[in-house]
Amino acid sequence: MSSLNSTTPSQPPSFLLLGIPGLEKEQFWIAFPFCIMYAIAVLGNIILLIVIKTESSLHEPMYLFLAMLAFTDLVLSTSMLPKMLTIFWWGSGEIGFVSCLVQLFFVHTFTAVESGVLMAMALDRYFAICYPLRHSSILSMPMVTALGNLVLLRGVLMVSPMCFLLHRKDFCQHRVISHSYCEHMAVVKLVCEDTRVNAAYGIFVALALTVFDITVIVVSYTMILRAVLRLSSSDTQHKAFNTCVSHVCVILAFYVPVLFTSLTHRFGHSIPQHIHILVAHLYMVVPPTLNPIIYGVRTKQLKDKIVVLFQKGI
């Protein structure tokens, strides 16, 4: 019986999320802009989903990928923002062990999914601009659906081992997580065993996903830029540039804080912890807030449909 107990991992019933260490007094006020951004993100992305679903003219690859991005943004922001706000406003930082792993799974899985969707959107623009006559045949509805399922499956398969490895570890009595949500490396630091496998796998996932997706995006937009510069019509060039600028803004809003967070968490030990945690929050709430605004304002066809929707509502 004692041997059975010795093989059972020692896991705490719950963890305590601190929020932003060093800014405990300011957290109450910091929560307000995050709450406003979250409300905009939820409202904006729901509107995008409704418009794209109800308007058959928007059932094209670009808008279907945009719908996937909107759904991903809703899941990503909702997986941590509500809990974060309860920590900042009411100091309710306790989270169950299983709930923590579930939050970790959703945060990291849908971060990977968002990266994959941005990559798919770059490929869509590449085929639309470089091969306009073959675009609809290459990115048919079955292909768009398959790409979406593949991106989701990739995220699930890459992140699930993180949770599985953590679930089998012994945790120390110290159960305080110096973060606002259950981030992988923040939880790994509470393990009492050797965590080199956990850390190595986390780095592998971050690098594998980011390097592959960014490489595809950079190559796609390099080819797009070359194709656009060869166009004879200035109006066509302007339209192509306008579409691509929207995508580039969305890509930068996501990848800049993601790369900063990933690198500083492992190598930037001189950077204050509250700066690291604040930037980590940015890719969870800023892209979901900006995406519907950027696409709703800069994409004429989508903007017109949104205006029509509100006019019908009124």
Side-chain angles (χ1 to χ4, degrees), residues 45-46 48-77 79 105-161 204-225 227 240 243-255 258 283 287-288 290-292 294-295 298-299 301-302:
N45 285 295
I46 287 177
L48 280 184
L49 287 171
I50 292 173
V51 170
I52 294 171
K53 182 179 185 300
T54 55
E55 294 292 338
S56 58
S57 62
L58 297 179
H59 293 176
E60 301 174 1
M62 174 181 168
Y63 299 106
L64 294 176
F65 285 129
L66 182 55
M68 295 179 196
L69 187 67
F71 176 77
T72 303
D73 284 337
L74 284 172
V75 176
L76 185 60
S77 56
S79 64
F105 172 79
F106 274 94
V107 166
H108 290 284
T109 295
F110 280 89
T111 298
V113 170
E114 177 131 357
S115 179
V117 172
L118 291 175
M119 177 191 66
M121 293 175 77
L123 287 173
D124 169 61
R125 290 300 86 203
Y126 167 71
F127 288 119
I129 293 173
C130 297
Y131 300 97
L133 298 179
R134 298 172 56 192
H135 176 239
S136 58
S137 60
I138 295 173
L139 286 177
S140 59
M141 283 292 290
M143 179 58 71
V144 171
T145 303
L147 273 174
N149 290 333
L150 185 62
V151 164
L152 177 60
L153 183 63
R154 184 188 69 162
V156 171
L157 292 179
M158 294 288 274
V159 174
S160 294
F204 164 73
V205 170
L207 289 177
L209 293 174
T210 306
V211 171
F212 179 78
D213 292 352
I214 288 181
T215 300
V216 173
I217 289 170
V218 170
V219 171
S220 297
Y221 278 103
T222 301
M223 301 298 289
I224 288 170
L225 183 60
T243 303
C244 291
V245 165
S246 300
H247 289 295
V248 171
C249 290
V250 169
I251 289 166
L252 290 176
F254 176 74
Y255 279 112
V258 164
Y283 80 85
L290 291 181
N291 291 350
I294 290 172
Y295 285 108
R298 295 189 64 88
T299 309
Q301 189 176 1
L302 188 58

message: Rounded to the nearest 0.5 Å, what separates atom CG in Leu150 from atom OG1 in Thr145?
response: 12.5 Å

task: Enter the distance from Met68:CE to Thr72:OG1 here, rounded to the nearest 0.5 Å.
output: 8.5 Å

- request: Would you check if Leu209 and Arg154 make a side-chain contact, meaning some heavy-atom pair closer than 4.5 Å?
  value: yes

query: Under 3.5 Å, is there a donor-acceptor pair between the side chain of Ser79 and the main chain of Leu76?
result: yes

- request: Nearest 0.5 Å please: distance from the CG atom of Asp213 over to the CG atom of Leu118.
  value: 8.5 Å

query: Hey, are the side chains of Val250 and Phe254 touching, using non-hydrogen atoms and a 4.5 Å cut-off?
result: no

message: With a 4.5 Å cut-off on side-chain heavy atoms, are Leu66 and Leu302 touching?
response: yes

His59 side chain to Thr54 backbone, donor-acceptor under 3.5 Å: no

task: Using a 4.5 Å cut-off on heavy atoms from C-beta on, say whether the side chain of Leu48 contacts that of Leu69.
output: no

statement: d(Arg125 CZ, Phe65 CZ) to nearest 0.5 Å is 10.0 Å

field: Note, Leu64 side chain near Met141 side chain (heavy atom, < 4.5 Å)
entry: yes

message: Just verifying a value: how many Å separate Phe127 CZ and Ser136 OG, rounded to the nearest 0.5 Å?
response: 12.5 Å

Tyr63, OH: over 12 other non-hydrogen atoms inside 6.0 angstrom: yes

- prompt: How far apart are the closest heavy atoms of Leu290 and Ala253, and which atoms are they?
  reply: CD1-CB, 4.2 Å

- prompt: Is any side-chain heavy atom of Leu225 closer than 4.5 Å to a side-chain heavy atom of Thr222?
  reply: no

field: Side-chain heavy-atom pair Ile251, Met121 within 4.5 angstrom cut-off
entry: no

query: Is the side chain of Ser137 donor-acceptor paired with the backbone N or O of Arg134 at a distance under 3.5 Å, no angle test?
result: yes

Contacts of type side chain to side chain donor-acceptor pair (under 3.5 Å), residue Asp124, not counting sequence neighbours: His135

task: Looking only at non-hydrogen atoms, find the nearest pair between Ala227 and Ile129 and report the distance.
output: CB-CG2, 4.3 Å

message: According to salt bridge (Lys or Arg N to Asp or Glu O under 4.0 Å), who are the partners of Glu55, at least two apart in sequence or on a separate chain?
response: Lys305

- prompt: Is there side-chain contact between Phe71 and Asn45, with at least one heavy-atom pair below 4.5 Å?
  reply: no

message: Which heavy atom of Ile294 sits nearest to which heavy atom of Cys249, and what is that distance?
response: CD1-CB, 3.9 Å

message: Tell me the closest heavy-atom pair linking Ala112 and Gly155, and the distance in Å.
response: CB-CA, 4.0 Å

message: Working note: Tyr255 + Thr210, criterion side chain to side chain donor-acceptor pair (under 3.5 Å); need CA distance, chi angles, decisive distance, verdict.
response: CA-CA 8 Å; Tyr255 279 112; Thr210 306; over 6 Å; no

field: Derivation and outcome, side-chain contact (heavy atoms from CB on, under 4.5 Å), residues Leu74 and Leu49
entry: CA-CA 10 Å; Leu74 284 172; Leu49 287 171; 3.7 Å; yes

- prompt: Looking only at heavy atoms, what is the nearest atom pair of Val205 and Met158, with distance?
  reply: CG2-O, 3.7 Å

query: Can you name the nearest heavy-atom pair linking Glu114 to Asp73, along with the distance?
result: OE1-OD1, 2.5 Å

